[in-house]
Amino acid sequence: MSKRFYITTAIDYTNGAPHLGHAYEKIITDVIARAHRGFGDSVFFLTGLDEHGQKVQQAAQAEGLQPQAYCDKLAEQWRAFVQALGVSNDDFVRTTQPRHQKVVQALLEKLHAQGDIYKAPYEGWYSARQETFLTDKERREDGSWDSSYGEVTRLVEENWYFRMSEYQQWLIEYIEATPTFVYPDYRRNEVLGFLKNVTLDDLCISRPLSRLSWGIPIPFDPDYVNYVWFDALTNYFSVPASLGDPVACDVLGASAPAKATGPSLWPADIHVIGKDILRFHAVYWPIMLKAAGAPLPKQILAHGWWMKDGEKMSKSTGNVVDPLAVIAEWGLDAFRYYVVRELEIGPDGNWTDEGFRQRYTSELANGLGNLVNRSISMLNKYRNGVVPNCHSELEPDAVRAVQEVENCLRQRRLQAALSGIWDLINKANQYVDRTAPFKLAKDPEQSGRLDQVLYNLVETCRVLAVLLNPFIPNTSERIYAQLKVCSEPELWRHTAWGGLLPGHTVGAPIPLFPRKDLVPKV
Ligand code: MSP
């Protein structure tokens, strides 16, 4: 069975409500997944939740719920959120699922058996109130601690460690030899800089049950549970293994959770994550896989962080963007469009309500919406909606746009891809102004020329629907519906010029993006 294009997002902590940052990550991953499906790849898109650990245990306690009941409640909210974003994920992983837990335990057993995991004492400053070890970073200059930590004492605790340091040189060489492993390039340099300047500490992967019960039990030591990152990162691998992916099952040998006859998924093609968790994905994760004898993911794609009005988003100050509220007011595709159009994958983004409104009005309503609306309206008005003979005046522009957008999508330059699409929209709008079909319609001798112009316009709208499909799939389908085209706008090959056939009758125009600034507020 040929390998599927396997793409993932980070899995989100279930200790709060989803926000713009989570939405952004899922949407850019969705755009890439949809684009690859359009290119003809068989895609597997995974997203989900990171449900273990102290923060979740505490959040559950604060609500007076058992951790599992609390996670079940939040999981419903998060699943609904993913759906509301129009995300086309193929699976949804929760780290509390038995299918995941079995694989975490199998990996721990394997690494333990080969001597990559060992037990050692750790001595440090401990806050009993917050149930956590503190480092010097949390300490004031005069040696005292913030009162929120309560009494801070020296404590010695035994824990399990994963031996990472011996893989450090190998990883440096791997990343140097594999320029595409971390994207964008400056993030790759950051990882290399870190690896070359610091000696990696071994990773503490356990917590004693007495301190934390909400975790996956360490199979070879009943007094401990696995601590979050080892558990969380493994989700990318546990889902393929549980579905019977041959490579993942081979790595786990006799402990594989399924017959090795499932879809071929591993290694992942892309892990999409935020810049704050790059080190876990570009250092810890490859070392865990290397130690386990598994091939590495092909690419770690690190996006930037969203701010609002130039400041960090924070619930306490009310400086947040609620994606669901924006979607309720402006529609899903307006939201998807803005977050992808505003920044390339890499740098940080800044949400402003004004910027959103401006893009909505000038690019969606006046740009795309106006083009589609007037093209279909004129065809209805002047030709009863019947498509005239094919003509190819705008074909070279369309072909250029298709090529450019495909290149950008393959290079993960989603913002540039949208710019390329809007170049074509602007060209087509200028074409209307230049050819002035409303004047041609008044002169019977210009009837042939009017046919040509109308064909070029509606066919460009159809090609645009296909180009836009990965980004704003609902709008793409609405354009196809208004054109009464029965084929699927999600297939990239339908970008070929000439899809609308002479004699075909289009439907009535319906505004795609109503101008909000013209509607009086009640
Ligand atoms: N649970 C870990 C990830 C484990 S992956 C094996 C985690 N969860 S999180 O809920 O805090 O973050 C999930 C993702 O959302 C991360 O990739 C993070 O970078 C992203 N974002 C969280 N806030 C963000 C912004 N303000 N802007 C953009 N993305 C941000 O980390």
Side-chain angles (χ1 to χ4, degrees), residues 6-30 32 45-56 78 82 89 93-95 100 104 132 135 137 162 164 167 171 175 180-195 198 200-205 215 226-239 267-290 296-307 312-314 339 343-349 412:
Y6 175 32
I7 186 165
T8 67
T9 67
I11 50 172
D12 306 310
Y13 289 129
T14 42
N15 59 355
H19 59 60
L20 173 62
H22 303 118
Y24 173 67
E25 184 171 300
K26 290 178 202 343
I27 289 171
I28 56 176
T29 311
D30 188 53
I32 299 172
F45 172 6
L46 178 67
T47 187
L49 294 174
D50 186 356
E51 302 190 354
H52 289 123
Q54 198 144 9
K55 281 190 191 152
V56 177
W78 281 82
V82 171
N89 56 308
V93 63
R94 298 179 54 190
T95 52
H100 169 73
V104 170
T132 183
T135 64
K137 263 193 270 166
F162 171 53
M164 290 215 297
Y167 293 96
L171 185 58
I175 296 179
T180 49
F181 183 59
V182 178
Y183 178 95
D185 239 20
Y186 52 91
R187 296 283 177 221
R188 173 171 170 261
N189 295 338
E190 220 175 89
V191 174
L192 279 173
F194 164 75
L195 280 170
V198 192
L200 279 182
D201 285 332
D202 289 344
L203 181 68
C204 182
I205 57 156
N226 186 212
Y227 195 55
V228 287
W229 277 99
F230 191 98
D231 169 356
L233 288 162
T234 301
N235 90 86
Y236 304 131
F237 188 80
S238 64
V239 170
D269 290 82
I270 308 183
H271 293 316
V272 180
I273 54 154
K275 62 178 185 179
D276 56 316
I277 54 175
L278 178 60
R279 196 171 295 170
F280 295 100
H281 285 79
V283 177
Y284 299 0
W285 183 224
I287 292 180
M288 281 168 63
L289 290 165
K290 169 78 176 163
L296 303 195
K298 293 187 195 141
Q299 188 166 66
I300 311 295
L301 203 70
H303 62 75
W305 263 45
W306 276 92
M307 295 181 293
K312 201 170 173 250
M313 285 188 287
S314 142
V339 294
L343 69 157
E344 212 46 284
I345 295 180
D348 289 341
R412 321 303 172 213

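Positions are given from 1, in the same order as the sequence printed here.
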Looking at [atom1] of [X] and [atom2] of [Y], how far apart are the two atoms once the value is rounded to the nearest 0.5 Å?
X: I27; Y: I32; atom1: CD1; atom2: CD1; result: 12.5 Å
X: L203; Y: F162; atom1: CG; atom2: CZ; result: 7.5 Å
X: I28; Y: L301; atom1: CD1; atom2: CG; result: 6.5 Å
X: L233; Y: I11; atom1: CG; atom2: CD1; result: 8.0 Å
X: M164; Y: L171; atom1: CE; atom2: CG; result: 9.5 Å

Next item on the list: Count the heavy atoms of every other residue, nucleotide or ligand shown that sit under 6.0 Å from NZ of K275, and state whether that count exceeds 12.
Entry: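 For K275, atom NZ is crowded (more than 12 foreign heavy atoms under 6.0 Å).
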For the student: nearest non-hydrogen atoms of [X] and [Y], plus distance:
X: T47; Y: K26; value: OG1-NZ, 3.7 Å
X: D348; Y: L343; value: C-CD1, 3.7 Å
X: P184; Y: A302; value: CD-O, 3.4 Å

Notebook entry, point to check: Quick check, are the ring centers of W306 and H19 under 6.0 angstrom apart?
Noted result: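 Between W306 and H19, the centre distance exceeds or equals 6.0 Å.
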Check: Between Y236 and H281, is the gap from one ring center to the other below 6.0 Å?
Finding: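 Y236 vs H281: aromatic centres under 6.0 Å.
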Next item on the list: Evaluate the side chain to side chain contact (heavy atoms under 4.5 Å, CB included) criterion for residues T180 and K298: first the C-alpha distance (whole Å), next the side-chain angles of each, then the deciding distance (0.1 Å), finally the verdict.
Entry: CA-CA 8 Å; T180 49; K298 293 187 195 141; over 6 Å; no
Margin query: Using a 6.0 Å distance limit plus a 45 degree cone around the ring axis, check whether R412 lies over the aromatic ring of Y183.
Written below: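 No, R412 does not lie over the aromatic ring of Y183.
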So, [X] side chain and [Y] main chain: donor-acceptor pair closer than 3.5 Å or not?
X: N226; Y: I205; answer: yes
X: D12; Y: L49; answer: no
X: T29; Y: V272; answer: no

Under a 3.5 Å threshold, yes or no: a donor from one side chain and an acceptor from the other, between [X] and [Y]?
X: D231; Y: H52; value: yes
X: W305; Y: D276; value: yes
X: H271; Y: Q299; value: no

Check: Under the salt bridge (Lys or Arg N to Asp or Glu O under 4.0 Å) criterion, do K55 and D50 qualify, and how do the steps go?
Finding: CA-CA 11 Å; K55 281 190 191 152; D50 186 356; over 6 Å; no
Next item on the list: Please tell me if the side chains of P297 and Y6 come closer than 4.5 Å, counting only heavy atoms from C-beta onward.
Entry: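 When only atoms from C-beta onward are counted, Y6 and P297 do not touch, as no gap falls below 4.5 Å.
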Next item on the list: Decide yes or no on side chain to side chain contact (heavy atoms under 4.5 Å, CB included) for L195 and L200, but give the supporting numbers first.
Entry: CA-CA 8 Å; L195 280 170; L200 279 182; 4.2 Å; yes
Margin query: Could you walk me through whether I273 and W285 satisfy the side chain to side chain contact (heavy atoms under 4.5 Å, CB included) test, starting with their C-alpha distance in whole Å, then the side-chain angles of each, then the deciding distance to 0.1 Å, before giving a yes or no?
Written below: CA-CA 13 Å; I273 54 154; W285 183 224; over 6 Å; no
